[in-house]
There are 2 protein chains.
Amino acid sequence: MAGDCKVETALDILVGKWKPVILYHILGKGTLRFSELQRLIPDITKKMLTSQLRELEYHDIINRKIYAQIPPKVEYSLTEYGKGLMPLLESMHHWGLAHIKHLNEIYGEERAK
Amino acid sequence: MAGDCKVETALDILVGKWKPVILYHILGKGTLRFSELQRLIPDITKKMLTSQLRELEYHDIINRKIYAQIPPKVEYSLTEYGKGLMPLLESMHHWGLAHIKHLNEIYGEERAK
DNA sequence: TGCCATAGTATCCAAAAAGATACCATAAGG
DNA sequence: CCTTATGGTATCTTTTTGGATACTATGGCA
């Protein structure tokens with residue numbers, strides 16, 4: 001049965017409109033503060049950033065390090081386990097790129113998506 | 001910038017809550033009629049099934065073959081291009097399976113998800 | 001004394017996605 | 001005639017997501 005299909009489990013971790021971008025930035029820089037993420041992703045609200053980070057944290061993809069300072073400082077970085085997700089993200093990225101080309105071949109450049 | 005990130009392009013094709021299951025069944029049987037899909041996925045409504053199939057068709061993942069009969073007969077199957085998505089789906093499935101185990105190790109069996 | 005910065009919450013609201021339900025055309029079979 | 005089967009559409013409502021805005025605590029600095 002379809003209950004065996006765990007594609008959605010992987011999907012859950014990536015779905016949320018901001019998670020890929022967040023991971024992209026954390027991956028690129030290694031470690032990022034909350035405010036740095038906000039600056040890198042200007043259109044995201046604090047609420048969204050917080051909720052997406054918390055979900056990724058729950059799934060052990062990123063970890064959250066709080067410095068007991070004022071003003072507060074919180075750093076986010078990939079966990080060791082989270083790094084294991086990267087090959088999958090890359091595969092998805094590559095497939096996505098190729099797919100955009102494919103759509104252009106079918107429908108022509110004018111109607112991307 | 002994050003505009004280079006095409007993970008979401010891949011995601012778009014799988015997101016929709018029913019698409020993975022639909023692909024799973026089409027992949028398993030090769031070819032399926034609309035009504036067969038309905039029976040295999042009892043909780044889906046016709047509206048959802050139709051819209052998901054149309055999106056997959058737009059992306060050239062499945063094709064739709066209409067038989068000029070009454071009552072109507074329409075068959076869905078993977079396109080050659082669509083078969084190229086399968087390795088990615090399998091990677092996601094495997095990662096998803098492993099991730100469920102991982103969550104169990106972290107949080108214990110009692111709180112799956 | 002007042003203002004700034006950080007990393008959030010809390011509330012409320014709008015938009016998007018999904019679900020429920022009803023309807024349609026047509027031919028075969030009884 | 002009436003019913004059944006198929007592969008949908010059309011409409012309306014509910015649920016889920018996401019966005020806007022305001023607010024908070026605290027220490028440093030002028």
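Chain naming here is simple, since letters A, B, ... match the order of the sequence lines and numbering starts at 1 in each.
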Who passes side chain to side chain contact (heavy atoms under 4.5 Å, CB included) against [X], sequence neighbours left out?
X	value
A:Glu80	A:Lys83
B:Thr9	A:His99, A:Ile100, B:Lys6
A:Ile70	none
B:Leu40	B:His25, B:Leu32

* To do: Return the orientation label for the A:Tyr76 and A:Phe34 ring planes: parallel under 30°, perpendicular over 60°, tilted otherwise.
  => tilted

Test side-chain hydrogen bond (donor to acceptor under 3.5 Å, both in side chains) applied to [X] - qualifying residues, sequence neighbours left out:
X	result
B:Glu8	none
A:His102	B:Asp60
A:Arg54	none
B:Ser77	B:Asn63

Using atom names, set out every protein N or O paired with an N or O of nucleotides 24-30 of chain C below 3.5 Å, distance rounded to 0.1 Å.
none

* To do: Sort and list the pairs that fulfil side chain to side chain donor-acceptor pair (under 3.5 Å) and have at least one residue in residues 42-52 of chain B, not counting sequence neighbours.
  => none

Specify the separation, in whole Å, of atom [atom1] of [X] and atom [atom2] of [N].
X	N	atom1	atom2	answer
B:Leu14	C:dA17	CG	P	16 Å
B:Leu37	D:dT6	CG	P	13 Å
B:Leu53	D:dT9	CG	C1'	15 Å
A:Lys73	D:dG27	NZ	P	18 Å
B:Gln38	D:dA5	CD	P	13 Å
A:Phe34	D:dT24	CZ	P	18 Å

With the criterion being N/O to N/O and under 3.5 Å, what pairs connect the protein with nucleotides 17-19 of chain D, and how long is each?
| residue | atom | partner | partner atom | Å |
| --- | --- | --- | --- | --- |
| D:dG19 | OP1 | A:Lys17 | NZ | 3.1 |
| D:dG19 | OP2 | A:Trp18 | NE1 | 3.2 |
| D:dG19 | N7 | A:Lys47 | NZ | 3.0 |
| D:dG19 | O6 | A:Lys47 | NZ | 2.1 |

Presence of [X] side-chain N/O under 4.0 Å of [N] phosphate oxygens OP1/OP2:
X	N	answer
A:Arg33	C:dT6	no
A:Ser35	C:dA7	yes
B:Arg54	D:dG7	no

* Hey, are B:Lys19 and B:Glu55 close enough for a salt bridge, meaning a charged N less than 4.0 Å from a carboxylate O? -> yes

* To do: Pull out every residue in residues 61-69 of chain B that has a heavy atom closer than 4.0 Å to any atom of DNA chain C, ordered by number, or say none.
  => none

